[in-house]
Amino acid sequence: MFVTTLLVNPASKSLETSMVEALRNAWGGGELRWLAEGIAAEFEHETMPDNRRDVWAGLQSLEVDLVVQPVEGRKKKMLLADMDSTMIQQECIDELADEAGVGERVKDITARAMNGELDFDGALTERVGLLKDLPEAVIADVLANRITFMPGGQVLLATMKANGAYAALVSGGFTAFTAKVAAELGFDENRANTLLVENGKLTGDVGRPILGREAKVEALEQITARLGITERDVIAVGDGANDLGMLGRAGAGVALHAKPSVAAECDIRINHGDLTALLYIQGYSQAEFAS
């Protein structure tokens with residue numbers, strides 16, 4: 001059996017019953033279940049529709065996300081999440097670069113690296129090099145004044161953890177940021193790169209080995225083995241090219257507001273919903289959300 005979930009940005013509440021029912025009827029679906037009125041609905045059906053990609057493309061113009069997946073095993077035991085532009089709305093290195101006066105140069109490199117046009121390790125070391133001599137105290141200022149959480153993240157963590165799931169934050173960014181974000185959102189652990197500091201200033205380098213695409217896959221392997229669960233039990237979420245490895249291996253790999261080249265390689269793409277979409281596609285209703 002398969003389940004189709006349709007959802008929109010929660011702020012819009014624009015998911016129309018007639019649209020959902022028309023698709024259910026066309027695909028021979030069963031009972032329609034509203035997970036959140038006007039926001040998310042689902043129905044089950046026996047076969048994978050051949051035209052699902054065309055339907056997905058048509059619904060994108062209406063700002064509706066569509067996810068089709070097997071019913072079995074959809075509720076996951078672990079969340080594996082990227083941080084920058086996923087759990088938070090910014091790219092931390094870009095915010096630091098603004099403070100260092102090299103913002104535009106670094107943002108261009110970041111965008112190209114996240115779209116898969118540049119080698120991640122090389123792009124990271126080049127960008128960090130441009131931050132040399134930036135006072136370490138700037139990190140705290142950026143955390144306090146520039147970093148905001150992605151909508152739905154706190155509810156996602158609270159709900160999954162209330163249902164016994166484990167949560168890991170794995171970032172190609174920096175531990176100075178992941179430690180605080182993980183603590184505030186309720187992640188069980190966090191992994192990231194370490195900015196090197198001497199005499200209160202950034203040295204322009206990071207600790208080795210660099211945590212990039214392969215390190216995120218290793219985190220998936222290591223944590224699932226430690227917990228005694230399988231990779232199928234994991235829902236992973238990210239937006240950049242360095243996330244593709246873990247998105248491809250996880251039971252559910254979600255490209256959230258992702259770069260086009262990244263979204264093209266993922267079956268589950270959320271372009272309009274927020275992080276609560278990860279709960280809806282697991283079958284949670286809004287009434288089951290934890291505060």
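This is a predicted model, so every value here is computed, not measured. Only this structure's heavy atoms are used, side chains among them; waters, hydrogens and symmetry mates stay out.
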task: Could you give me the CA-CA distance, side-chain angles and deciding distance for V67 and Y280, then say whether side chain to side chain contact (heavy atoms under 4.5 Å, CB included) is met?
output: CA-CA 10 Å; V67 176; Y280 293 131; over 6 Å; no
- prompt: Do the rings of H45 and F2 sit parallel, tilted or perpendicular, given the 30° and 60° boundaries?
  reply: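 Parallel: the ring planes of H45 and F2 meet at under 30°.
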Whether the side chain of [X] engages the backbone of [Y] through a donor-acceptor N/O pair (distance < 3.5 Å, no angle test) should be reported.
| X | Y | value |
| --- | --- | --- |
| T159 | A290 | yes |
| D233 | T230 | yes |
| N193 | G172 | yes |
| R127 | T125 | no |
| N9 | A11 | yes |
| D243 | G240 | yes |
| S171 | A192 | no |

Report the distance from atom [atom1] of [X] to atom [atom2] of [Y], rounding to the nearest 0.5 Å.
| X | Y | atom1 | atom2 | result |
| --- | --- | --- | --- | --- |
| T203 | E198 | OG1 | CD | 6.0 Å |
| N145 | E99 | CG | CD | 8.5 Å |
| L227 | M78 | CG | CE | 6.5 Å |
| R24 | L6 | CZ | CG | 11.5 Å |
| D98 | I93 | CG | CD1 | 11.5 Å |
| F43 | N25 | CZ | CG | 8.5 Å |

[X] versus [Y]: any side-chain heavy-atom pair under 4.5 Å?
| X | Y | answer |
| --- | --- | --- |
| V68 | P49 | yes |
| F120 | R213 | no |
| V206 | L195 | yes |

Inter- and intrachain pairs under salt bridge (Lys or Arg N to Asp or Glu O under 4.0 Å), touching [range], at least two apart:
| range | answer |
| --- | --- |
| residues 152-162 | K161-D188 |
| residues 69-89 | E42-R74, D82-K216 |
| residues 48-67 | R53-D267 |

Heavy atoms from other residues, nucleotides or ligands near [atom1] of [X] exceed 12 (cutoff 6.0 Å):
| X | atom1 | answer |
| --- | --- | --- |
| K180 | NZ | no |
| N51 | CG | yes |
| R208 | CZ | yes |

Are [X] and [Y] connected, step by step, through hydrophobic side chains (Ile, Leu, Val, Met, Phe, Trp, Tyr) whose heavy atoms are closer than 4.5 Å?
| X | Y | result |
| --- | --- | --- |
| W56 | W27 | yes |
| I235 | I229 | no |
| L185 | M83 | yes |
| V3 | L279 | no |
| L256 | L59 | no |

Tell me the closest heavy-atom pair linking [X] and [Y], and the distance in Å.
| X | Y | value |
| --- | --- | --- |
| A167 | L157 | CB-CD1, 3.4 Å |
| I223 | A168 | CD1-CB, 3.7 Å |
| I281 | T5 | CA-OG1, 4.2 Å |
| A123 | I109 | CB-CG2, 3.9 Å |
| A241 | V262 | N-CG2, 3.4 Å |
| L247 | G238 | CD2-N, 3.8 Å |

- request: Would you sort out whether E91 and D239 count as a side chain to side chain contact (heavy atoms under 4.5 Å, CB included), showing the intermediate values?
  value: CA-CA 11 Å; E91 294 283 337; D239 73 303; 4.2 Å; yes
message: Taking R191 first and then E218, would you say they form a salt bridge - that is, a charged N and a carboxylate O separated by under 4.0 Å?
response: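 No, this pair does not count.
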field: Ion pair E221/R249, N-O distance below 4.0 Å
entry: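 Yes, charged N to carboxylate O under 4.0 Å.
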For residues 271-278, please give each side-chain donor-acceptor pair under 3.5 Å, one per line with the distance, not counting sequence neighbours.
residue : atom : partner : partner atom : Å
N271    : ND2  : Q60     : OE1          : 2.9
H272    : NE2  : Q60     : OE1          : 3.2
D274    : OD1  : T276    : N            : 2.9
D274    : OD1  : T276    : OG1          : 2.4

task: Would you kindly say whether T148 and Q89 are connected by a side-chain donor-acceptor distance under 3.5 Å?
output: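 Yes, a side-chain donor-acceptor pair sits under 3.5 Å.
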- request: Go through the side-chain N and O atoms of S285 and E288 and say whether any donor and acceptor fall under 3.5 Å apart.
  value: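 On atom types as modelled, these side chains qualify, holding a pair under 3.5 Å.
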Can I get a per-line list of side-chain donor-acceptor pairs under 3.5 Å for residues 128-143, giving both atom names and the distance, sequence neighbours left out?
none

Trace of the side chain to side chain contact (heavy atoms under 4.5 Å, CB included) decision for L15 with I39: CA-CA 6 Å; L15 188 60; I39 298 172; over 6 Å; no
- prompt: Looking at L80, V254, L156, which hits side-chain contact (heavy atoms from CB on, under 4.5 Å) with V237?
  reply: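 Exactly one pass, corresponding to V254.
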- prompt: How far apart are the C-alpha atoms of L96 and F177, what are their side-chain angles, what is the distance that settles it, and do they pass the side chain to side chain contact (heavy atoms under 4.5 Å, CB included) test?
  reply: CA-CA 11 Å; L96 291 174; F177 291 90; 3.9 Å; yes
For Y166, all residues meeting ring-ring contact (aromatic ring centres under 6.0 Å, His included), sequence neighbours excluded: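 For Y166, no residue satisfies ring-ring contact (aromatic ring centres under 6.0 Å, His included) once neighbours in sequence are set aside.
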